[in-house]
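Structure first, then comments.
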Amino acid sequence: MKPLYFAAALLATGFFNSALAEPTKPELLTPELLVDLPNTFNSPASSDMDKEGNVYITSPNFHNDALIKIGEMQTPAAPRIGMLDKNNNFSNWYTFTKQDMAPSTGKIAPMGIAFGPDGNAYVADMQMWFDGSYKSRILRINVVNGKAVSTDVVVTGLLFPNAVVFKGDDLFISETVLKLEGTKQLSGVYKVGMSELNDQKPAHIKPFLSTQNHDSHLFDTFASNATLKFGANGLTFDGEGNLYTSIMEDGSVIKTTLNERNEKVKTELFAKGLVATDGLKWDNRTNKIYITDLFANAIYSIDMQGKLELLAQNGNTTGLHGELDAPSELIVRGKDIIIMNFDVVFDSPNMVNKKADNPHTLSVIKLK
């Protein structure tokens, strides 16, 4: 699936039978402006946090062309990763170089980011944005004393990787598109062990053909309604080691129970009722999941029984004062929900955001 300024884009299945509560409607919280980002960070997409509380935010800079067209920029800004420190000071942490670009397209689209047990950052490069079918990759950004010093390609052959998250020594990758099968869109999650994340011989994912014929790294599959052709998106683990996957076009969240070897035990529908689920993060302090609704300009919490609570929502906006502006992901730090306003526009009547425009912002919601 691509934004309106690209070409128009390329779950719940019968076995998900959970009875789920409707979202509660308390008094809404008001998002505030946290950071007014420079044009060089014009599409904040995804995030992770290090042990010191610094938040790292990817920006594929999909709005370069729009900004150049209106005279806000002269030349395209290279995709990059920013860092928001504990005092909310924002700085450039890493700028992707020509050497980092995919050979097939000469471009890179950094989306999901996760720090591994080795202290390095792993980033999903979504080449499908540039029609680089099965050319998408996972890059490792090697970190020394908190600084990004080099990059390596450690996974190849992906189609539409989106979120990345670690559990122990296993990297889980959401694959938003596997295959359109009849009236259902298949998507999934891949699992790759740390020992395979090798720059000398990267793990290679072979193309998905069917639920019987697929790569051995495929961990789980989902079938969604194919209205957007955009399935598995965000990923997070809770404190008990359960995996949660947001299914964008179904507006739902799926829970997968794992055993001690990180093998799948059970998959079930956990929550539904959103328009287009995107990034989600579990928070230890509140024992809740927090999730963005990209299309509805909304933020929800989900308790461990799957009950949705709408926290914040607004209409179409530029985000000038911190309003939600097509939020793609969030991260919880202490009592702050830090929100990436992706400000993307999709070809869907259900999407509140109608225009990609200045400013480019991070919002914050204060929890009690």
Side-chain angles (χ1 to χ4, degrees), residues 1-9 33-47 55-85 88-113 121 123-132 135-137 139 141 147-151 294 297 316-329 338-347 351 353-363:
M1 178 178 179
K2 298 185 178 182
L4 198 60
Y5 47 84
F6 288 112
L33 180 64
L34 182 63
V35 180
D36 186 348
L37 298 168
N39 284 336
T40 50
F41 285 89
N42 61 60
S43 53
S46 188
S47 64
V55 177
Y56 299 80
I57 298 168
T58 61
S59 183
N61 289 339
F62 288 146
H63 302 324
N64 280 340
D65 290 346
L67 292 170
I68 291 171
K69 185 176 181 179
I70 63 175
E72 292 286 340
M73 295 174 62
Q74 302 303 313
T75 57
R80 59 196 68 205
I81 300 172
M83 185 183 77
L84 185 72
D85 71 14
N88 292 330
N89 297 308
F90 186 83
S91 61
N92 184 68
W93 185 67
Y94 183 72
T95 301
F96 289 93
T97 68
K98 289 184 179 180
Q99 289 71 31
D100 297 327
M101 307 300 167
S104 58
T105 64
K107 299 179 181 180
I108 190 169
M111 297 296 285
I113 180 172
V123 177
D125 172 23
M126 192 189 286
Q127 284 291 310
M128 194 172 175
W129 288 91
F130 316 119
D131 297 324
K135 301 296 184 181
S136 295
R137 314 167 296 167
L139 274 64
I141 300 180
K147 305 293 184 182
V149 297
S150 61
T151 61
L294 181 73
N297 270 3
N316 186 27
T317 173
T318 66
L320 178 64
H321 303 293
E323 301 96 336
L324 302 175
D325 194 12
S328 61
E329 195 174 287
I338 300 167
I339 302 154
M340 285 101 255
N341 289 306
F342 198 35
D343 196 19
V344 73
V345 180
F346 289 91
D347 189 10
M351 189 166 199
N353 194 42
K354 301 303 181 185
K355 183 181 179 182
D357 47 25
N358 278 331
H360 324 292
T361 61
L362 304 180
S363 300

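These numbers come from the heavy atoms of this one structure, side chains and all, not from hydrogens, waters or symmetry mates. These figures come from a predicted structure and were not determined experimentally.
Using modelled atom types, no side-chain atom of T95 and backbone atom of R80 make a donor-acceptor pair closer than 3.5 Å. Between the side chain of S328 and the backbone N or O of A45 there is at least one donor-acceptor pair closer than 3.5 Å. Side-chain atoms of D343 never come within 3.5 Å of backbone atoms of S43 as a donor-acceptor pair (strictly under, hydrogens ignored). Judged by distance alone, with hydrogens and angles left aside, the side-chain atoms of N39 form no donor-acceptor pair with the main-chain N or O of L67 at under 3.5 Å.
Separation of atoms CZ (F41) and OG1 (T361) is listed at 14.0 Å; rounding is to 0.5 Å. Once rounded to the nearest 0.5 Å, the distance linking CZ of F90 with CG of D36 reads 11.0 Å. For the atom pair K107 NZ and W129 CH2, the distance stands at 12.5 Å (nearest 0.5 Å). Between atom CD1 of residue I108 and atom CD of residue Q99 there is a gap of 11.5 Å, rounded to the nearest 0.5 Å. The distance from atom CD1 of I68 to atom CE of M73, rounded to the nearest 0.5 Å, is 5.5 Å. How far CG of N64 is from CG of N42: 5.0 Å, rounded to the nearest 0.5 Å.
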Legend entry - side-chain hydrogen bond (donor to acceptor under 3.5 Å, both in side chains) assessment of N353 paired with N297: CA-CA 7 Å; N353 194 42; N297 270 3; 5.3 Å; no

Inset, instruction - Show your working on side-chain hydrogen bond (donor to acceptor under 3.5 Å, both in side chains) between N358 and H360 and close with a plain yes or no. - result: CA-CA 6 Å; N358 278 331; H360 324 292; 2.5 Å; yes

Legend entry - Intermediate values then yes/no, side chain to side chain contact (heavy atoms under 4.5 Å, CB included), F62 and V344: CA-CA 8 Å; F62 288 146; V344 73; 5.8 Å; no

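When all heavy atoms are compared, the tightest approach of S104 to Q127 is OG-OE1, 4.3 Å. The heavy-atom pair separating S47 from E329 by the smallest distance is N-OE2, 2.8 Å. Contact between N61 and T40 at its shortest, heavy atoms only, is ND2-O, 2.9 Å.
Residue P110 is tested with V123, D100, I57 for a side chain to side chain contact (heavy atoms under 4.5 Å, CB included); the sole match is V123.
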